[in-house]
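Just so you know, ligand 1 is whichever comes first in the structure, and atom 1 is the first atom listed for that ligand.
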Amino acid sequence: MTKITPQPGILDIALYEGGAAHIEGIQNVVKLSSNENPYGPSDAAKEAFRKAAYDLHRYPSSDHGALRHAIGEVHALDSDRVICGAGSDEIIAFLCQAYAGPGDEVIHTEHGFAMYRISAMANGATPVEVPERERVTDVDAILAACTARTRLVFIANPNNPTGTMVGASELARLADNLPAHVLLVIDGAYAEYVEGYDGGTALVDARENVFMTRTFSKLYGLGGLRIGWGYGPRHVIDVLNRVRGPFNLSQAGLAAAKAAVRDTAWTEKCRADNTRMRAWLAEALAEHGVPSDTSTANFILARFASQAEAEACDEHLKADGLIVRRVAGYNLPNCLRITVGDEASCRRIAHAVGQFMKVAR
Ligand SMILES: *Cc1c(COP(=O)(O)O)cnc(C)c1O
């Protein structure tokens, strides 16, 4: 028996399960399990990455000034209050590390993103799961769950894996009514997919208790490079920069992200395409008897009659070379999360689900 033991709670963490990428023995696989942009990053981002190859011996910028400046310009926010991380996962980790420890509570919702729970536990804090209302964030339930020990409230808006979101007035009501010692974190990983939504920027600017996270992994198509960012009040940014490692982002990642955020023509095209194909796919699935909530993100949460039916459909899709995501781990055992791919992928999915439903019922 080893006497070398980790901190209490670490061994209780359930490992994060990523979306599968391969199916044994099947070629021509379509991966629709991780909400990636089917078109990848913009050409400008790829070119910036290529050029970065000539400077790989140099340490990257430690203050991420050029990228923060570009983010500030494009999103019309104060670049001094932006912090960049190795994916927004790292920003979530910084928040938990800085604000939550043993005895503290971290609130996340019933179908919330797994990293909130994992990061809370990694720091010895207690994750608290709060019910949603029919797969939608429930502000009253969150407020009711707050205690003297609550430190952080995480909500993703739009949420993953439900695809639903709450409006600006509900977010403001949540921020207004939280106890004074609680920081609200609005995870905007899918904010860019929502036409006219600022991801929570205005709420951050108006208050001292709201923080927003964003990512280059979804709409920008740079999941492989690991770049995310946060925007918050000065006092929070100051705290997070103390726990952030000085060289947490690579020089190539910084360069690619800077080019990506400025290429708004590309992001517009990808957003519009997603909106069109998402509506098409949701309707095609509904015609086959598979309903879904109106999604505001780049995926659809398809609802089946039972867990057995969802799993059987997943097996059928897999045999067809289509990888989607099971979400039983998110308290949604009768659902499958399907990333909105390009038109060919959407047609393949719709066809395969239709074939399955013909024999399933
Ligand atoms: C994908 C995702 C993220 C983040 O990812 P990074 O790649 O670490 O930036 C964060 N939150 C939610 C809800 C997500 O779905």
Side-chain angles (χ1 to χ4, degrees), residues 16-19 21 31-38 40-41 45 64 67 71 82-97 106-120 122 127 129 132 135-137 152-166 171 184-194 197 199-200 211-231 240 244 248-250 253-254 256-257 260-261 274 295-301 324-327 329-332 335 337-340:
Y16 182 86
E17 276 185 52
K31 184 186 178 208
L32 301 168
S33 56
S34 298
N35 300 339
E36 295 148 337
N37 183 335
H64 311 144
L67 174 58
I71 289 170
V82 171
I83 180 171
C84 302
S88 46
D89 283 357
E90 192 182 34
I91 305 291
I92 294 166
F94 291 158
L95 286 161
C96 288
Q97 199 182 338
V106 174
I107 289 179
H108 64 86
T109 67
E110 186 180 357
H111 311 300
F113 186 49
M115 289 314 297
Y116 311 145
R117 184 179 189 83
I118 290 174
S119 274
E129 181 184 305
E132 298 186 19
R135 298 171 302 280
V136 180
T137 297
L152 294 164
V153 170
F154 283 101
I155 64 166
N157 205 44
N159 190 29
N160 167 23
T162 59
T164 62
M165 71 183 293
V166 293
L171 287 181
L184 170 63
V185 182
I186 303 171
D187 179 336
Y190 303 96
E192 291 91 351
Y193 285 104
V194 186
Y197 172 53
F211 190 91
M212 168 182 82
T213 64
R214 303 284 281 265
T215 185
F216 282 91
S217 301
K218 308 288 160 56
L219 181 71
Y220 295 95
L222 289 172
L225 276 187
R226 313 305 303 128
I227 313 135
W229 54 281
Y231 182 59
L240 300 189
R244 177 177 71 80
N248 59 325
L249 288 195
S250 72
L254 288 165
V261 76
N274 177 73
S295 172
T296 53
N298 67 336
F299 54 86
I300 284 171
L301 185 69
V324 302
R325 187 74 154 261
R326 290 192 190 190
V327 284
Y330 288 87
N331 298 319
L332 294 161
C335 297
R337 193 193 69 191
I338 305 169
T339 302
V340 176

field: Ser88 and ligand 1 - part of the residue with a heavy-atom distance under 4.0 Å
entry: both

- request: Report the relative orientation of the aromatic rings in Phe113 and Tyr116; use parallel for angles under 30°, tilted for 30 to 60°, perpendicular for over 60°.
  value: perpendicular

- request: Please identify which atoms of ligand 1 are closer than 4.0 Å to at least one heavy atom of Tyr190.
  value: 1 (C), 14 (C), 15 (O)

message: In the structure I gave you, are the side-chain heavy atoms of Asn37 and Asn298 within less than 4.5 Å of one another anywhere?
response: no

Residue pair Arg214 / Tyr231, side-chain heavy-atom distance below 4.5 Å: no

- prompt: Would you say Thr215 has any N or O atom under 3.5 Å from an N or O of ligand 1, going by distance alone?
  reply: yes

message: Going by side chain to side chain donor-acceptor pair (under 3.5 Å), Asn331 matches just one of Glu132, Glu129, His111. Which one?
response: Glu129

query: Quick one: which ligand 1 atoms are inside 4.0 Å of a heavy atom on Arg226?
result: 6 (P), 7 (O), 8 (O)

Check: Phe154 and Cys96 side chains under 4.5 Å, non-hydrogen atoms: yes

field: Protein contact to atom 12 (C) of ligand 1 [nearest heavy atom, distance to 0.1 Å]
entry: Asp187 OD2, 3.4 Å

Within-cut-off N or O pair, Lys218 and ligand 1, under 3.5 Å: yes

Proximal ligand 1 atoms for Gly87, defined as those under 4.0 Å from one of its heavy atoms: 6 (P), 8 (O), 9 (O)

query: Looking at Ala189, which atoms of ligand 1 are within less than 4.0 Å of one of its heavy atoms?
result: 2 (C), 3 (C), 10 (C), 11 (N), 12 (C), 14 (C)

statement: At under 4.0 Å between heavy atoms, what of Phe216 touches ligand 1? The answer is neither

task: Quick one: do Asn35 and Tyr193 satisfy side chain to side chain contact (heavy atoms under 4.5 Å, CB included)? Show the steps, please.
output: CA-CA 12 Å; Asn35 300 339; Tyr193 285 104; over 6 Å; no

message: What I'd like to find out is whether the side chain of Met165 reaches to under 4.5 Å of the side chain of Tyr197, using heavy atoms alone.
response: yes

- prompt: If you count the atoms of ligand 1 from 1 in the order shown, which ones are under 4.0 Å from a heavy atom of Ser217?
  reply: 6 (P), 7 (O), 9 (O)

- prompt: Near Asp89, which atoms of ligand 1 are under 4.0 Å from a heavy atom of that residue?
  reply: 4 (C), 5 (O), 8 (O)

query: Could Arg226 and Glu90 be called an ion pair, given the rule that one side-chain N must be under 4.0 Å from one carboxylate O?
result: no

- line: Near Asn160 (heavy-atom distance under 4.0 Å), the atoms of ligand 1 are 13 (C), 14 (C), 15 (O)

